[in-house]
Participant: 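Here's a structure for you.
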There are 2 protein chains.
Amino acid sequence: MKQIHEVVAQNLAAYRAKQHMSLDKVSKLTGVSKTMLSQIEKAESNPTITVLWKISSGLRIPLSALTSEVETKVDHIRREYLTPIDTGNEAITIYPYFPFDTKRGFELFVMEFDGKATFLSEGHYQQSEEYILVNEGELQLLIDREWHVIREGEAIRFQSDAAHTYKNATNTRLSLTVTVFYQEKND
Amino acid sequence: MKQIHEVVAQNLAAYRAKQHMSLDKVSKLTGVSKTMLSQIEKAESNPTITVLWKISSGLRIPLSALTSEVETKVDHIRREYLTPIDTGNEAITIYPYFPFDTKRGFELFVMEFDGKATFLSEGHYQQSEEYILVNEGELQLLIDREWHVIREGEAIRFQSDAAHTYKNATNTRLSLTVTVFYQEKND
DNA sequence: TCATGTTGTTTGATATAATGTACTAAATGA
DNA sequence: TCATTTAGTACATTATATCAAACAACATGA
């Protein structure tokens, strides 16, 4: 969950170190001021795409060499860093365990509904597929004007391009594990 | 040779049109202001990497979907659009026919030397390979403290990571076609 | 030892990225 | 026809990206 400009900072600094280049050298090569380069490396600046392009182009490396995060072997998502998404509805909480990442092309989150809560998803504007596991409670799902009832321990899979509605008709808590796959990959 | 922010403009506008989304909708999805989106689409703004990331991430598309140029079938490089690179030396002119492009990983240019002109290349800070064809005149090339003489109609290939020097020892014009391949690919 | 480079940071000035609000024009519907 | 919504643009304001020049810290060498 590193900020993109921090990723750039890290990548640029690492590259420059590896090549044993000074800020001055990179500045000459890319036409970007020494000051800016220094600030970018310290993540104190949010470079414009034009500046990033000048850097990648001047150094003859792909843009993605600056923007793509170096993969760690393991990613342990700790409770304390999991900040719920604001859905605008008190009764519904979403925990983004693995938010959408372009490299993987999917996202994985947990949705929790209080009793009698309803949530409308507008649809994803992409070829996308949604996989839902019901951890606890009972889910009613409206897809294409048809209601489906998925009980605790069950699961459902559907094309989620179009709008669909989640409903907890019971008075007890409903908890779902949701995975959404999108089409386009790479970065 | 389109500017990067023009590429982004085109890609974003095209994507939004394809998905039949309004600026408002994209703004809600991405958390980027309608105004900014409009300006980006009109290439009136140079978005920061953070804004681009918010867009790509909010729309669930890769960054490269915004930054990579849509390929045309044919690219005719016309004389009138070929602006020589300033080498800091009046006697040497470089015509960048196909400047470095991250997708291809190479560049192709023509170098022209007046009589008795010398040019030092600092080396490319990358695994790179240089291919030189002598179109006209005679080239003397210093690689790794060894001089090579390449005559009109001949060619040479070498690892160009390290510094090397081009020299026109004659009094007549020297013209080269140079291709440089770099390692890293993709974007 | 002093002078001269080299490397990265700080400073101050300017351009412009980014936002929210207000506005115009077009589409929709009763 | 008039009112209401929707879609994009224009405007004013704030935040900040970008640069050139000055600076400090350290190395280099004569």
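In this text the structure is predicted, and so the values were computed from the model without any measurement. Each chain gets a letter, A, B and so on, in the order its sequence line appears, and its residues count up from 1.
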Participant: With ILVMFWY side chains joined below 4.5 Å, transitively, what does B/Val74's cluster contain besides itself?
Facilitator: none

Participant: Using atom types as modelled and distance alone, determine if a side-chain donor or acceptor of B/Ser68 lies under 3.5 Å from a backbone N or O of B/Ser64.
Facilitator: yes

Participant: Write down the atom of A/Asp161, the atom of A/Ser128, and the distance for their closest heavy-atom approach.
Facilitator: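 Closest approach of A/Asp161 to A/Ser128: OD1-O, 3.1 Å.
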
Participant: Are A/Glu107 and A/Tyr97 close enough that a side-chain donor and a side-chain acceptor fall under 3.5 Å?
Facilitator: no

Participant: Anything under 4.0 Å to a heavy atom of chain B counts; send over the first and last such nucleotide of DNA chain C, read 5' to 3'.
Facilitator: C/dA17 to C/dT21

Participant: Is any side-chain N or O of A/Thr48 closer than 4.0 Å to OP1 or OP2 of D/dT18?
Facilitator: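 Looking at the OP1 and OP2 atoms of D/dT18, one of them is under 4.0 Å from a side-chain N or O of A/Thr48.
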
Participant: Please round to 10 degrees the angle between the axis of the first five pairs and the axis of the last five pairs in the helix from C/dT1-D/dA30 to C/dA30-D/dT1.
Facilitator: 20°

Participant: Angle class for the B/Phe119/B/Tyr166 ring planes (parallel below 30°, perpendicular above 60°, tilted otherwise)?
Facilitator: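 Aromatic pair B/Phe119/B/Tyr166 classed tilted.
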
Participant: Looking only at side chains, do A/Glu44 and A/His5 share a donor and an acceptor under 3.5 Å apart?
Facilitator: no

Participant: Side-chain heavy atoms under 4.5 Å apart, restricted to Ile/Leu/Val/Met/Phe/Trp/Tyr: what other residues fall into the cluster of A/Trp147, or is it alone?
Facilitator: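 A/Leu142, listed by chain and number.
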
Participant: Return the value, rounded to whole Å, for the distance between atom CG of A/Leu52 and atom C1' of D/dT18.
Facilitator: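 Whole-Å distance recorded here is 13 Å.
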
Participant: Backbone N or O of A/Val7 within a donor-acceptor pair of the A/Glu69 side chain at under 3.5 Å?
Facilitator: no

Participant: Could you list all the side-chain hydrogen bond (donor to acceptor under 3.5 Å, both in side chains) pairs where at least one residue sits in residues 167-178 of chain A, not counting sequence neighbours?
Facilitator: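 For residues 167-178 of chain A, and leaving out neighbouring residues, the side-chain hydrogen bond (donor to acceptor under 3.5 Å, both in side chains) pairs sorted by first residue read A/Glu112-A/Arg173, A/Asn135-A/Ser175, A/Asn135-A/Thr177, A/Glu136-A/Arg173, A/Asn168-A/Thr170, A/Thr170-A/Thr172.
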
Participant: If I take atom NZ in residue A/Lys28 and atom C1' in nucleotide D/dA20, what distance separates them, rounded to the nearest angstrom?
Facilitator: 14 Å

Participant: When we call it a touch if two heavy atoms are under 4.0 Å apart, what does A/Glu44 touch: a base, just sugar-phosphate, or nothing?
Facilitator: sugar-phosphate

Participant: Using modelled atom types and a 3.5 Å cut-off, is there a donor and acceptor pairing between side-chain atoms of B/Thr48 and backbone atoms of A/Pro47?
Facilitator: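 No: the side chain of B/Thr48 does not pair with the backbone of A/Pro47.
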
Participant: Identify each atom pair where a protein N or O and an N or O of nucleotides 7-9 of chain D are less than 3.5 Å apart, giving names and distance.
Facilitator:
| residue | atom | partner | partner atom | Å |
| --- | --- | --- | --- | --- |
| D/dG8 | OP1 | B/Arg16 | NH1 | 3.2 |
| D/dG8 | OP2 | B/Arg16 | NH1 | 3.4 |
| D/dG8 | OP2 | B/Leu23 | N | 3.0 |
| D/dG8 | N7 | B/Lys34 | NZ | 3.1 |
| D/dG8 | O6 | B/Lys34 | NZ | 3.2 |
| D/dT9 | OP2 | B/Ser38 | OG | 2.7 |

